[in-house]
Amino acid sequence: MRDSNSRQDLEEDSRSCLDRSSGIDAASYRDLFSLARNGILLCGVSKGGSCTILNANPAALRIERLSRDELVGEEFERAILGAADFGIMDLIREVNSSGVPLHISPKRHSDSRTDILRDMSVHRLNEGVVAIVYDDVSDSVDACTKLGESKPELDRLVSNLPGIAFRCKNDREWTMEVVSRGIIELTGYRPEEIIGNKELSYSDLIYAEDREMVWGLIQESFAVGDRYEIEYRIVTRSGQVKYVLERGKVVAGESGGEVFVEGFISDVTDLRVARREAEVNKEKLEATLTSTINALSRIVEIRDPYTSGHQRKVGLLAVSISRRMGLEDRLSENIRISGLLHDIGKLWIPSEILSKPGRLNYIEFEMIKEHSKLGYEVLKEIKFDFPIADYVIQHHERLNGSGYPNGLKGEEILLPARIIAVADVVEAISSHRPYRPALGIEVAIEEITSGAGTLYDRSVTRACVDLLEDGFTFE
Ligand SMILES: [Fe+2]
């Protein structure tokens, strides 16, 4: 290696060489040299053809993993390991003599210290001075190689997918540019028949009544730059109608301007049939439950004809109060069912007590009081959406703890039970009983108003009075 004075001399030589080569000021050249992302080696070429490194920019030092001292002033062949192997020296001499820049395709050099794939070009700056501009392209070439290796695998994967991976123009024909082979199983048509609308367009495959909807939804998603998901029907080559789910996005083409749709289409016919069957089964189950509830409710009334329609009417008033109070629909519906079943425990009370005209004695009344607990025992076995058995056992509880069977107070009583309690009292007072005539709505309003806050929930009472004053009827 030369001493530092000699190296300074060389760097000076290279700088003056750069400075002379154009009208751009020397400082700008030096900045360019230092900041360039490519490695730049300035070399002096002797008449005998030997090549000495005059200067090296920071990028070259980084690529070679060498210090300035290890590069500047050294023979090119000795400093740049592997240089002799790929004919760069001949190239340098040729460029120095012809002045025509040359590029050498990427050459790899590996040793224990480095693994570099140099992509180099050689330019003559002045006679006897050349610049070697280069980069280590290992990473990008490796990435390309891996991509190339994985592409057939990716193609095979896409073609084996149960569905259609596609890219098409955003036009009314959905002109296909790329279609995976899954289209054969799904539609019976081959990609080559569809691509470029050769035999028919993808739009022709879409069930006629669904075409406008598909077009409209994809354009909407395009307008907001969002992905889309559409379910529609297609007609296969054999004339079978299938349901498909298409997920995709409208994307800009590489050259800009034209837009394309890219996405995936899968067969959801079986899924849709299963979903429809599940819906039908659910509807059937709900209908069965409704008729069972109605039948149970009727049984009580058959045994106690004097309270005919009582449970149905309580259910009707209770659901109306719930809605008036703004409770959600499903809870309101379950409160209606609770009203329909609230006296089901009376099935176990002797009918002569139930239909006894006149006042009940203490023992008879204690027997009657058992009905809310008995109702709970029956209903707790049924899986409702809400705890209907709990609402039923609490429907004779009162806010001040004077009710039965557990003497619950205030908030201990569930809101649905507080609603049924009010509906129950109002219906009982306003209807005919074997031991008295109907007392009327006015008396019912008076009863719940005077008991509001002590026996009955204030907000429930208010909602019920509002309903009655608005003309609510049990019919
Ligand atoms: Fe009751």
Side-chain angles (χ1 to χ4, degrees), residues 293-294 296-322 334-357 359-380 382 384 386-409 412-436 438-439 443-444 447-448 451 455-457 460-461 464 474:
I293 291 165
N294 288 335
L296 282 171
S297 184
R298 291 279 303 281
I299 291 170
V300 181
E301 293 176 4
I302 288 166
R303 293 194 68 233
D304 181 12
Y306 293 104
T307 59
S308 173
H310 169 67
Q311 296 193 107
R312 185 187 60 77
K313 291 176 189 169
V314 169
L316 188 63
L317 180 53
V319 73
S320 303
I321 294 170
S322 307
N334 278 264
I335 289 172
R336 189 185 70 80
I337 295 169
S338 308
L340 265 177
L341 298 174
H342 75 281
D343 277 343
I344 194 169
K346 285 186 177 170
L347 280 174
W348 287 269
I349 310 295
S351 55
E352 52 273 26
I353 297 178
L354 288 178
S355 54
K356 180 183 173 185
R359 286 208 160 271
L360 299 172
N361 64 35
Y362 175 79
I363 292 171
E364 289 166 340
F365 190 56
E366 287 302 307
M367 286 177 78
I368 288 269
K369 280 164 70 176
E370 284 296 298
H371 80 278
S372 47
K373 270 198 280 188
L374 292 165
Y376 171 81
E377 292 299 326
V378 178
L379 297 173
K380 73 177 183 187
I382 304 176
F384 291 105
F386 288 83
I388 282 181
D390 290 330
Y391 305 159
V392 166
I393 197 175
Q394 294 180 5
H395 81 273
H396 283 290
E397 300 286 0
R398 295 294 179 256
L399 281 196
N400 59 7
S402 63
Y404 65 84
N406 294 316
L408 300 179
K409 287 184 178 175
E412 291 174 339
I413 309 165
L414 298 168
L415 177 61
R418 285 180 257 153
I419 292 173
I420 295 158
V422 169
D424 190 18
V425 167
V426 168
E427 201 288 323
I429 293 176
S430 57
S431 298
H432 171 80
R433 286 291 178 270
Y435 46 87
R436 58 149 175 80
L439 300 173
V443 179
E447 164 60 21
I448 57 172
L455 301 176
Y456 313 113
D457 184 289
V460 175
T461 305
C464 184
F474 288 107

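Both counts, for ligands and for their atoms, begin at 1 and track the order of listing.
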> Please walk me through it: do R298 and E301 pass salt bridge (charged side-chain N to carboxylate O under 4.0 Å, His left out)?
Replying inline: CA-CA 5 Å; R298 291 279 303 281; E301 293 176 4; 5.2 Å; no
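- Around the Fe ion (ligand 1), the protein atoms of type N, O or S that sit closer than 2.8 Å are D343 OD1, H371 NE2, H395 NE2, H396 NE2.
- With salt bridges taken as basic N to acidic carboxylate O contacts below 4.0 Å, none links K409 and E412.
- Note: H396 and Y404 have parallel aromatic rings, judged against thresholds of 30 and 60 degrees for the angle between ring planes.
- In this structure, I448 and T461 have side chains that are in contact, with non-hydrogen atoms separated by less than 4.5 Å.
- Using a 3.5 Å distance cut-off with no hydrogens or angles, the side chains of E447 and Y456 do pair a donor with an acceptor.
- Every residue two or more places apart in sequence or in another chain that forms a salt bridge (Lys or Arg N to Asp or Glu O under 4.0 Å) with K380 is listed here: E377.
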